[in-house]
Amino acid sequence: PLCSNNNPYASFGATLARDEEQNLWSTPHDVTHTEADDDRVLYNMIVVRNQLDKDSEEWQKLNYDIYTLRQTRKEVRNRWKHILEDLGFQKEADSLLSVTKLSIISDSQNMSKARDILLKLSEETNIFPTSWELSERYLFVVDRLIALDAADEFFRMASVAYPKRPSGERVDESP
């Protein structure tokens, strides 16, 4: 027969589409995506959207919100990557930004310093969008920068590249 249920390639496209829906960050087949709170929010939005009729307004709104959230995450990640590359971590930038449930804080004494630096980045720079809730993911990245003795320099470069603007002043997003 032309169509067989035994064909292992029959659902290949569907599997790729499903994997892309589950791909909340950037690494396909990473089962750790739904471990952090912000990952769960996105995952839950995807689940709810997939239960709705594609022609409905609710589906369109959720689809737009999912797209917007993914684009915002991508933009934030790219900002971090550009600064890391400017610091000289061209080859290591992706691995420094890679965080999974297997990631650990290198030194528990660094935790409070990493948290302080992350909060300072949030308050004193525009590396994160205004509406951004701090992600635990970047706490691990800052911890890695502390271990590499590059956290203060990263903050300095972020302050120059993404200076805080007074509210109401237009922010130029170009690098």
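For clarity, every value in this text was computed on a predicted model and none was experimentally measured.
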Undergrad: Which atom pair, heavy atoms only, marks the closest approach of K54 to W59?
TA: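 Result for this residue pair: O-CE3, 3.4 Å.
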
Undergrad: Using side chain to side chain donor-acceptor pair (under 3.5 Å) as the criterion, list what pairs up with E153, not counting sequence neighbours.
TA: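 For E153 the side chain to side chain donor-acceptor pair (under 3.5 Å) partners, ignoring immediate neighbours, are R156.
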
Undergrad: Please list, chain by chain and in numerical order, all residues satisfying side-chain contact (heavy atoms from CB on, under 4.5 Å) with D86, sequence neighbours excluded.
TA: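 M157.
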
Undergrad: What is the minimum heavy-atom distance between E123 and K164, and which atoms define it?
TA: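 So the minimum-distance heavy-atom pair works out to O-CE, 3.3 Å.
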
Undergrad: In sequence, state the C-alpha distance, the side-chain angles, and the governing distance for F154 and V142, and then conclude on side chain to side chain contact (heavy atoms under 4.5 Å, CB included).
TA: CA-CA 9 Å; F154 182 92; V142 173; over 6 Å; no

Undergrad: State whether the number of non-hydrogen atoms from other residues, nucleotides or ligands found under 6.0 Å of E57 atom CD is greater than 12.
TA: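 No - once you tally the heavy atoms of other residues, nucleotides and ligands closer than 6.0 Å, there are 12 at most.
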
Undergrad: If you round to the nearest 0.5 Å, how far is CD1 of I46 from CZ of R70?
TA: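 So the CZ of R70 and the CD1 of I46 are separated by 4.0 Å.
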
Undergrad: Quick one: side-chain contact (heavy atoms from CB on, under 4.5 Å) partners of M45, sequence neighbours excluded?
TA: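 For M45 the side-chain contact (heavy atoms from CB on, under 4.5 Å) partners, ignoring immediate neighbours, are V41, L62, D65, I66, L69.
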
Undergrad: Counting heavy atoms not belonging to D149, are there more than 12 under 6.0 Å from its CG?
TA: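 Atom CG in D149 is not crowded, with 12 or fewer foreign heavy atoms closer than 6.0 Å.
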
Undergrad: Could you state the interatomic distance from CZ (F89) to CD1 (I83), rounded to the nearest 0.5 Å?
TA: 12.5 Å

Undergrad: What closest approach, in Å, do S56 and D53 show between heavy atoms, and which atom pair accounts for it?
TA: OG-O, 2.8 Å

Undergrad: Rounded at 0.5 Å granularity, tell me how far CG in L84 sits from CG in L148.
TA: 9.5 Å

Undergrad: Sequence neighbours excluded, which residues qualify as side-chain contact (heavy atoms from CB on, under 4.5 Å) partners of T130?
TA: none

Undergrad: To check you understand the geometry: which heavy-atom pair defines the closest contact between V76 and P129, and what is its length?
TA: CG2-CD, 3.4 Å

Undergrad: Nearest heavy-atom pair of E85 and Q90: which atoms, and what distance?
TA: O-NE2, 3.1 Å

Undergrad: Given 3.5 Å as the limit, does a donor-acceptor pair link the side chain of T68 with the main chain of Y64, or not?
TA: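 The answer is yes, because a donor-acceptor pair under 3.5 Å joins these two groups.
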
Undergrad: Rounded to the nearest 0.5 Å, how far does CD of E92 lie from CZ of R144?
TA: 12.5 Å

Undergrad: With sequence neighbours left out, what residues match R115 under salt bridge (charged side-chain N to carboxylate O under 4.0 Å, His left out)?
TA: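 Salt bridge (charged side-chain N to carboxylate O under 4.0 Å, His left out) check on R115 returns nothing, list empty.
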
Undergrad: Quick check on the hydrophobic clustering: are L119 and M111 connected, directly or via other members, by side-chain heavy-atom contacts under 4.5 Å?
TA: yes

Undergrad: Restricting to side chain to side chain donor-acceptor pair (under 3.5 Å), what partner residues turn up for N78, sequence neighbours left out?
TA: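 Not a single residue meets the side chain to side chain donor-acceptor pair (under 3.5 Å) criterion with N78.
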
Undergrad: Once side chain to side chain donor-acceptor pair (under 3.5 Å) is applied, do any residues pair with K81, and if so which ones, sequence neighbours excluded?
TA: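 Side chain to side chain donor-acceptor pair (under 3.5 Å) list for K81, sorted by chain: D94.
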
Undergrad: Rounded to the nearest 0.5 Å, what's the gap from OH on Y162 to OG1 on T125? Could you check?
TA: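 Spacing of OH (Y162) from OG1 (T125) equals 9.5 Å.
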
Undergrad: Please answer whether the main-chain N or O of N126 pairs with a side-chain N or O of R79 as donor and acceptor at a distance below 3.5 Å.
TA: yes

Undergrad: Just jot down the side-chain contact (heavy atoms from CB on, under 4.5 Å) partners of D116, sequence neighbours excluded, or say none.
TA: none

Undergrad: Out of I117, L97, D143, which one pairs with Y138 under the side chain to side chain contact (heavy atoms under 4.5 Å, CB included) rule?
TA: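 Among the candidates, only L97 passes.
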
Undergrad: Could I get the full list of salt bridge (charged side-chain N to carboxylate O under 4.0 Å, His left out) partners for E58, not counting sequence neighbours?
TA: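 Counting only residues at least two positions away or on another chain, E58 forms no salt bridge (charged side-chain N to carboxylate O under 4.0 Å, His left out).
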
Undergrad: Examine V160 and I127 and state if one hydrophobic cluster contains both, with Ile, Leu, Val, Met, Phe, Trp and Tyr joined whenever side-chain heavy atoms are less than 4.5 Å apart.
TA: no

